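Here the structure is a predicted model, which is why all the values come from computation and not from measurement.
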Amino acid sequence: MGNTRAARGALVMVFAQVVSLQAGAAVAKGAYGHVSPTALAGMRLGFAALVMWCVVRPRPGVLTAARWRAAAGLGVVLAAMNTAYFQAIGHLPLGVAATLELLGPLTLALALSRSLAQLCAGLLALAGVLLLAAPGGALPVAGLVSGALAAVCRAAYVVLNRRVGRLFPDWSGLTVALAAGALLLVPVGAVTDGAAVARHPGVLGTGLLVALLSSLIPYCLDLLALRRVGVRAFGVLLALGPAVGAAVGFAALGERLSGPQCGAVGLVVAACAWAVWSGSGGSAPGPADRPAEQGPADCPAERGPAGPRGCRVHDGPMTRTRGSAR
């Protein structure tokens with residue numbers, strides 16, 4: 001029952017982040033006439049880091065080396081992912097770019113599949129995503145390369161964001177990661193497009209809105225969802241992205257779906273439902289599917305050899321709890 005509730009909660013969170021992310025990407029693409037994708041990606045990450053730092057107020061001086069490495073690694077991936085994806089939507093339709101980016105998490109989900117049901121759910125979602133990506137004509141090579149890079153970064157983001165969620169009990173890990181990514185990307189955007197921002201200062205407001213819709217809300221929801229379900233299930237749930245993008249495009253922009261695209265949406269939704277159902281079954285979760293609050297992974301090595309009281313420690317063939325009678 002607990003696994004079912006966690007899976008349903010994760011589905012709601014992922015759906016909310018997908019809607020927010022698609023809306024933010026649409027707002028960002030509308031501003032490309034004034035600033036470059038790199039500059040807008042820098043504003044997105046910079047504003048997100050600034051807001052999170054003011055709200056969370058992390059204390060970097062008390063972080064261990066392992067936590068610093070995890071947060072900094074996530075920050076590097078965030079900078080690369082933002083740049084690649086914003087370049088991709090500059091060359092490709094929004095739905096196609098979102099589809100290409102999701103190939104990373106879906107490939108990761110397939111690699112982590114441990115049963116026939118999980119493998120079939122991942123393959124079904126992958127089929128739907130590929131069907132949505134099938135355009136009527138040739139796509140620019142620059143857009144395809146940027147989309148492929150965004151897919152690789154997205155897969156790394158899922159893994160590292162989960163690790164940060166396991167190492168940090170609060171939002172400080174995500175805050176430090178956003179700050180690290182902003183320190184890398186904001187100077188690049190300032191150098192390449194600072195003059196354009198000065199000529200159109202109103203774009204800063206657009207950057208703040210994009211940061212809220214495309215970074216702050218989605219990243220926080222991702223962190224919460226990854227504390228409830230594993231990387232494999234999360235990767236499949238992200239396949240809702242292209243389907244939501246297609247639906248938003250139809251409702252807001254009047255973009256009609258073709259027969260194959262409607263079929264693709266159905267495949268993706270079916271795969272997501274299947275992933276939630278199979279993930280809430282009676283099989284024991286593996287390392288990739290164990291919720292972040294559970295198991296020995298919540299007793300990271302940086303807490304010292306003694307370990308905190310109450311952590312489960314494997315002691316030869318027996319398992320005991322430190323601080324309790326043997």
Side-chain angles (χ1 to χ4, degrees), residues 13-14 16-17 20-21 23-25 27-28 31 35-86 150 153-154 156-194 197-198 201-227 292-293 300 302-303:
M13 292 175 191
V14 172
Q17 78 95 304
S20 182
L21 192 62
V27 172
V35 292
S36 70
T38 301
L40 201 52
M43 284 189 283
R44 168 187 176 180
L45 212 53
F47 280 125
L50 183 61
V51 171
M52 285 292 288
W53 200 277
C54 292
V55 172
V56 177
R57 297 182 181 274
R59 294 160 51 192
V62 303
L63 299 184
T64 63
R67 290 181 174 180
W68 267 117
R69 286 193 298 268
L74 179 59
V76 172
V77 169
L78 286 173
M81 184 175 70
N82 276 269
T83 303
Y85 184 67
F86 272 31
C153 293
R154 186 70 168 179
Y157 160 80
V158 171
V159 175
L160 290 175
N161 197 14
R162 178 170 170 82
R163 175 163 175 76
V164 167
R166 296 169 78 99
L167 290 176
F168 291 83
D170 53 17
W171 299 102
S172 58
L174 177 60
T175 303
V176 173
L178 286 170
L183 288 175
L184 291 175
L185 195 52
V186 170
V188 175
V191 170
T192 59
D193 234 23
V197 174
V203 79
L204 291 173
T206 302
L208 179 60
L209 180 60
V210 171
L212 175 65
L213 293 175
S214 294
S215 292
L216 286 173
I217 294 176
Y219 294 162
C220 290
L221 289 174
D222 284 350
L223 191 66
L224 290 174
L226 282 165
R227 285 174 173 169
E293 294 97 344
E302 73 267 20
R303 297 189 187 180

For this session: For L208 and L204, run side chain to side chain contact (heavy atoms under 4.5 Å, CB included): C-alpha distance rounded to whole Å, both residues' side-chain angles, the deciding distance at 0.1 Å, then the answer.
Result: CA-CA 6 Å; L208 179 60; L204 291 173; over 6 Å; no
Exercise. Can D193 and T38 be said to form a side chain to side chain contact (heavy atoms under 4.5 Å, CB included), step by step?
Worked result: CA-CA 8 Å; D193 234 23; T38 301; over 6 Å; no
Problem set entry | Check against side-chain hydrogen bond (donor to acceptor under 3.5 Å, both in side chains), D222 and Y157 | CA-CA 10 Å; D222 284 350; Y157 160 80; 2.5 Å; yes
Problem set entry | Test side chain to side chain contact (heavy atoms under 4.5 Å, CB included) applied to C220 and Q17, step by step | CA-CA 9 Å; C220 290; Q17 78 95 304; over 6 Å; no
Exercise. Given the rule in the side-chain hydrogen bond (donor to acceptor under 3.5 Å, both in side chains) test, do S214 and R44 qualify, once you have shown the distances and angles that lead to the verdict?
Worked result: CA-CA 8 Å; S214 294; R44 168 187 176 180; 4.6 Å; no
Problem set entry | Worked check of side chain to side chain contact (heavy atoms under 4.5 Å, CB included) between L223 and W171 | CA-CA 9 Å; L223 191 66; W171 299 102; 3.5 Å; yes
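Side chains of V14 and L221 form no contact here, defined as non-hydrogen atoms less than 4.5 Å apart. Contact check for R57 versus T175: no side-chain heavy atoms found under the 4.5 Å cut-off. Two residues are said to be in side-chain contact when any heavy atoms from C-beta on lie closer than 4.5 Å; M52 and L174 meet this criterion. At least one side-chain heavy atom of L184 sits under 4.5 Å from a side-chain heavy atom of V76. Proximity of V176 to W68: side-chain heavy atoms (C-beta onward) are separated by under 4.5 Å at one or more points.
For the atom pair CZ (R69) and CG (L74), the distance works out to 15.0 Å, reported to the nearest 0.5 Å. Between L178 atom CG and F47 atom CZ the span is 14.0 Å, to the nearest 0.5 Å. Taking OG of S215 as the start and CG of L78 as the end, the distance is 8.0 Å to the nearest 0.5 Å. Interatomic distance, CG of L45 versus CZ of F86, reported as 9.5 Å (0.5 Å rounding). The distance from atom CG of L63 to atom CZ of F168, rounded to the nearest 0.5 Å, is 5.0 Å.
Without hydrogens or angle criteria, S20 side chain to A16 main chain gives no donor-acceptor distance under 3.5 Å.
Nearest heavy atom pair, residue S172 against residue P58, reads CB-CB, 3.7 Å. Residues L226 and R162 share a closest heavy-atom pair of O-NH1, 2.7 Å. Nearest approach of G42 to V186, heavy atoms of both residues: O-CG2, 3.4 Å. Nearest heavy-atom pair, A31 versus L40, reported as atom, atom and distance to 0.1 Å: CB-CD2, 4.2 Å. Between P187 and A182 the shortest heavy-atom distance is CD-O, 3.6 Å. For the pair A66 and L167, the tightest heavy-atom approach, listed with the atom from each and the gap, is O-CD1, 4.0 Å.
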